[in-house]
Amino acid sequence: MVYRAHILICGEPRCVEKGAREVEAALRSKLQELQLTEEVQVMEVSSLGHGEQGPEMVVYPEGTHYVNLTVADAERIAEEHLLKGRPVKNLIYQEPPSEPLPAPSTKEVRVVLENIGVIDPENIEDYIAFDGYTALAKALTEMTPDEVIAELKVSGLRGRGGAGFPTWLKWTFAQKAVSEQKFVICNADEGDPGAFMNRRVLEGDPHAVIEGMAIAAYAIGAQQGYVYVRAEYPIAISTLRVAITQAREYGLLGENILGSDFSFDLEIRMGAGAFVCGEETALMQSIEGKRGMPRTRPPFPAVKGLWGQSTNINNVETYANVPKILRKGGDWFASMGTEKSKGTKTFAIAGKVERTGLVEVPLGMTIREIVYDVGGGVLNGKKFKAVQTGGPMGGCIPEKYMDLPVDYEHLAEVGSIMGSGGFVVMDEDTCMVDIARFFMEFTQDESCGKCVPCRIGTRRMLEILEHICNGEGQPGDIERLEELSKYTKAGSLCGLGQGAPNPVLSTIQYFREEYEAHIYDKTCPAKVCKGLIEYRIDPEACIGCTRCARNCPVNAIAGSPKQVHVIDPETCIRCGICKQVCPVNAVYIE
Amino acid sequence: MTINTTLMDTVFERYGGDAEALVEILRDLNQAEGYLSQELLLAVADRLRLPRGQVFGVASFYSMMNVKPRGQHVVLMCQDAPCHVAGGREVWDALEETLGIAFGETSPDGKWTLEVVSCLGLCAVGPVVQIDGEVYGNMTPDKVRALLARYDGDAGGAA
C-alpha cells in the first residue's frame with residue numbers, strides 16, 4: 001500500500017505522560033472519520049527530539065513538526081493539514097532564538113555521505129525509502145554488465161582508496177579475465193592515520209556499500225564477495241553484519257536476486273591490526289589466513305587474486321559511489337570535479353583547524369577553500385604552515401600552494417598523494433622535521449619486512465631523523481635522507497615502501513631551512529624538538545608561587561617562596577609541566 | 001599453562017575449523033586469553049594441520065595478537081598524526097611517566113601494559129586513549145592522569 005502521508009508520533013515516556021496516547025487515539029479516530037486511513041499512515045516512534053514540548057508529531061513528506069499537542073489539536077491537524085492540505089501554523093515547532101553558529105560550509109557536496117545521519121543504518125527500509133537498491137534493480141533488469149561498465153566509464157569514477165585507478169577499467173579487466181570463479185572484495189582496512197571516511201560510511205550507510213558490491217559482482221560475473229574490515233572498527237563491523245542479514249532477508253543478497261538469475265552473497269573478514277593489509281595483495285593473503293604481506297604485481301588481482309582466482313577489489317567509498325552513479329547517470333557524476341578527477345571526495349580534516357571532521361567536496365576545490373571555507377580556518381587564529389594529505393605515504397604541502405586544486409594530478413605534482421583523503425592541517429607551532437620523523441616512525445613500524453629496502457631503509461631514515469630532532473644531526477644528513485628515499489622508493493613492492501619517503505622528501509623540499517636549523521644551528525624554529533629547546537622562567541614575570549617547583553617531576557626547579565625560580569637545564573627533561581601549571585605564563589621556551 | 005579446550009572448541013566451531021580462518025581464530029583466542037601462549041599456538045597448529053611456523057608467523061605478524069603475556073589493564077594510545085598534532089605528545093609523556101613504563105612494556109607487577117594502537121578513526125576527538133577496550137577522547141596530561149587514577153587508589157601502577 002502506498003500512503004501519501006506518514007505521521008510519526010512520539011511515544012517516549014515524557015510525551016506519554018503528557019497525553020501522547022490520547023492525542024494519537026484522537027488522531028486515529030479522526031482520520032477514520034475522514035476516511036483517510038488508506039492514505040495516511042500513523043506510526044509511533046521513540047523520540048522526535050523535543051520531548052520537553054511533547055506530545056509531538058511530524059507529518060511527512062513535508063516534515064512539518066507539531067508540538068505541545070492536545071486532543072483538539074490532533075483533530076484539527078487531521079482536518080486542516082491532512083484533509084485540506086493546510087498546515088496548522090500556530091502548532092508548528094519554532095526554533096528557539098539562539099546565538100548564530102558559524103555558518104556551515106555551503107561548499108560541501110554530499111554524495112557518499114548523503115544518507116549519513118539521515119537514515120537508520122540498521123533498518124534496510126530506511127535505505128530503500130531513499131531509493132536504495134533501485135540501482136541494483138536497474139542493473140539486473142535493464143542493463144547488461146557491459147552497459148554497467150560503460151556508465152561507470154562515462155562517470156569517470158576513480159578508485160577512492162588512493163591510487164585513483166579508473167574503476168571502469170579495473171572492472172573490465174576482471175570481467176574479461178578467464179577464471180573458474182570470481183570474487184569481489186571491499187577494502188575496508190582503513191588504516192591511514194586521520195582518515196575515517198570508510199568507518200563513517202560503513203556505520204552510517206552500509207547498504208550503499210553492499211549495493212555497490214552487488215553491482216560490481218554483476219558486472220564482472222562474481223558470486224561471492226568479502227568485506228575486509230579492520231578489527232579496530234567494532235561498530236562498523238556490527239552495523240555491516242546487521243545490514244548483510246537484512247539484505248539477505250529481503251532477497252537482495254543470496255540466490256536469484258530480485259528474481260533474476262544473478263546470485264551473490266557477502267561475508268565479512270576482519271583484520272587484526274596490520275596497516276599493510278590495506279594493500280590489496282596483502283589483504284588477500286590475510287583473507288586466506290596468512291601473514292599479510294604484499295606480493296609482486298602483475299599478475300594483478302583481476303587476473304590472479306583471492307585463492308588464485310580473478311578478483312575485483314575496490315575501496316568502501318568507491319563502491320558507495322556506484323549506486324548513485326547508476327541512479328543519476330554517469331553524466332551527473334562527471335559534471336562534478338575537474339577534467340581528470342570527477343565527482344566528489346571525502347576528506348577527514350584534522351589537526352590545527354577550527355572544524356575538524358569529515359567533509360565531502362567536489363574534487364578540484366583548492367586547499368585554501370578546504371581549510372578556510374570548509375574547515376573554518378586555522379585553530380586559534382594561528383598562521384597556516386602546511387597541510388599533510390594522503391596519510392603516512394603522503395607529503396606536506398606548504399602555504400605557497402594554498403590555491404592548488406585538490407585532485408589526483410595536482411597533489412602528485414607537488415609531491416603528495418590523494419590517498420584515502422587524510423587532511424592534517426599544521427600551524428606555525430608544528431615542527432616539520434618532527435612531523436617527518438613521526439610519519440617515518442609509523443611506516444617503519446608498519447613495514448611488513450618483506451622488501452629489504454623498505455624494512456631497513458625506513459629504519460635508517462628514522463634513525464637519522466631522530467638524531468636530527470635530538471640535536472645530533474650531522475652535515476650530510478639531508479643528502480643521506482634523499483639518497484635512502486630514492487632506494488626505498490625504487491626497491492619496494494607495494495605502496496607502503498614506495499610512499500614511505502614522501503613525508504621526508506616533501507618536507508626537505510619545502511622546509512629545508514628547518515632541517516638546516518636543526519642540523520647546523522642546533523635550534524628547532526617551531527620550538528618542539530626536546531633536544532633543541534630549553535625551558536626558562538622570565539624573572540620579570542615570576543611571582544615565586546612555587547607551583548612549578550612542586551610539580552616538576554625531576555626537581556629541576558630551584559627557588560623559595562616569593563623568590564624568582566630558575567630551571568636547571570641539565571636536570572630538566574623538557575616535559576613542559578611547569579609551563580602548563582604556571583599561573584602567570586612566566587615559563588617560556590628558548 | 002593448560003589449554004582451555006572448551007574455548008578452543010567454541011572458537012573452532014565458529015569458523016568451521018577452517019585453516020583459512022587462521023587469522024580470525026587466533027584473534028578470537030587472543031581476545032579470550034589475553035595472549036597466545038606457545039602451548040596454545042602448538043595446539044592450534046595441530047588442530048588445523050598447519051606448519052607450526054606458519055601459525056607462529058601469523059600470530060607474531062598482527063598487532064592485535066600477542067605472543068607474550070600482557071598486563072591486567074591494557075592502555076593503548078593512538079600513535080597517529082591527528083592525535084599527535086592535537087597534543088598527543090604531552091599525553092604520551094604523561095602516560096609513560098604516570099605508569100612508570102615505556103610504550104611496549106608491561107609493568108613488573110603485571111598490572112599495566114602500555115602500547116600504541118593505530119588510528120581508531122576518532123581523529124575529531126584526538127588525542128585518543130583506549131583502556132581495556134574503552135575509548136577516551138580529547139585527552140590532556142591532566143585528564144589522562146585522572147583517568148589512570150580511577151583504576152586504583154594510586155595511579156603509579158608500577159610502584
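Below, chains carry the letters A, B, ... as their sequence lines are ordered, and counting in each starts from 1.
- Proximity to chain B is limited to the side chain of A/Arg199, based on heavy atoms less than 4.5 angstrom apart.
- Of all the heavy atoms in B/Tyr62 and A/Ser286, the pair that sits closest is OH-OG, 2.9 Å.
- Heavy-atom distances place both the backbone and the side chain of A/Val528 under 4.5 Å from chain B.
- Interface check for chain B: of the options A/Asp434, A/Ile573, A/Val276, the most heavy-atom pairs under 4.5 Å are formed by A/Asp434.
- Of the atoms belonging to A/Ile435, it is side-chain heavy atoms, and not backbone ones, that fall under 4.5 Å from chain B.
- Contacts between A/Asp427 and chain B at a heavy-atom distance below 4.5 Å are absent for every atom of the residue.
- A heavy-atom distance below 4.5 Å is not found between the side chains of A/Cys575 and B/Glu90.
- Contact count versus chain B (heavy atoms, under 4.5 Å) is highest, among A/Ala348, A/Gly292, A/Gly351, for A/Gly292.
- Among all heavy-atom pairs drawn from B/Ser60 and A/Arg291, the shortest one is OG-NH1, 3.8 Å.
- For a residue to count as touching a neighbouring chain, one of its non-hydrogen atoms must lie under 4.5 Å from one of that chain's; by this rule A/Phe275 does not touch chain B.
- The backbone N or O of A/Ala274 lies less than 3.5 Å from no partner atom in the side chain of B/Ser63, so there is not a single donor-acceptor pair.
- Interface remark: A/Cys448 contributes backbone and side-chain atoms alike to the contact with chain B (heavy atom separation under 4.5 Å).
- Annotation: maximal heavy-atom pairing with chain A below 4.5 Å, among B/Gln54, B/Gln130, B/Arg89, occurs at B/Arg89.
- With a 4.5 Å cut-off on non-hydrogen atoms, A/Ala195 touches chain B through its backbone but not through its side chain.
- Residue contact with chain B, scored on non-hydrogen atoms closer than 4.5 Å, involves the side chain of A/Ile577 exclusively.
- At a 4.5 Å heavy-atom cutoff, A/Arg200 makes no contact with chain B through either its backbone or its side chain.
- Here the straight-line distance linking atom CE of A/Met270 with atom CZ of B/Arg27 works out to 4.0 Å at 0.5 Å rounding.
- Neither the backbone nor the side chain of A/Gln388 comes within contact range of chain B; no heavy atoms are under 4.5 Å apart.
- When heavy atoms are compared at a cutoff of 4.5 Å, A/Gln580 approaches chain B solely by way of its side chain, counted from C-beta outward.
- A/Gly191 and B/Cys119 make their closest contact through O-CB, 4.3 Å (heavy atoms, listed as atom of the first residue, atom of the second, distance).
- When heavy atoms are compared at a cutoff of 4.5 Å, B/Glu97 approaches chain A solely by way of its side chain, counted from C-beta outward.
- Under the 4.5 Å side-chain criterion, counting only non-hydrogen atoms from C-beta, A/Met293 is in contact with B/Phe61.
- A/Lys290 approaches B/Val58 most closely through the heavy-atom pair C-CG2, 3.8 Å.
- Atom CD of B/Gln38 sits in a sparse spot, with 12 or fewer heavy atoms from other residues, nucleotides or ligands closer than 6.0 Å.
- Checked for salt-bridge contact, A/Lys530 and B/Asp93 meet the test: a charged N lies under 4.0 Å from a carboxylate O.
- Looking at every heavy atom in both residues, B/Ser118 comes nearest to A/Arg230 through OG-NH2, 3.1 Å.
- Counting heavy atoms of neighbouring residues, nucleotides and ligands inside a 6.0 Å radius, atom NZ of B/Lys143 exceeds 12 of them.
- With chain A as partner, the option from B/Asp18, B/Val116, B/Leu22 having the largest number of non-hydrogen pairs under 4.5 angstrom is B/Leu22.
- Within 6.0 Å of CD1 on A/Ile235 lie no more than 12 heavy atoms contributed by other residues, nucleotides or ligands.
- Once rounded to the nearest 0.5 Å, the distance linking CG of A/Leu306 with CD of B/Glu20 reads 8.0 Å.
- A distance of 8.0 Å separates CG in B/Leu120 from OH in A/Tyr233, rounded to the nearest 0.5 Å.
- Taking chain B as the reference chain and counting heavy-atom pairs below 4.5 Å, the highest number among A/Gly576, A/Ala231, A/Gly357 is found for A/Ala231.
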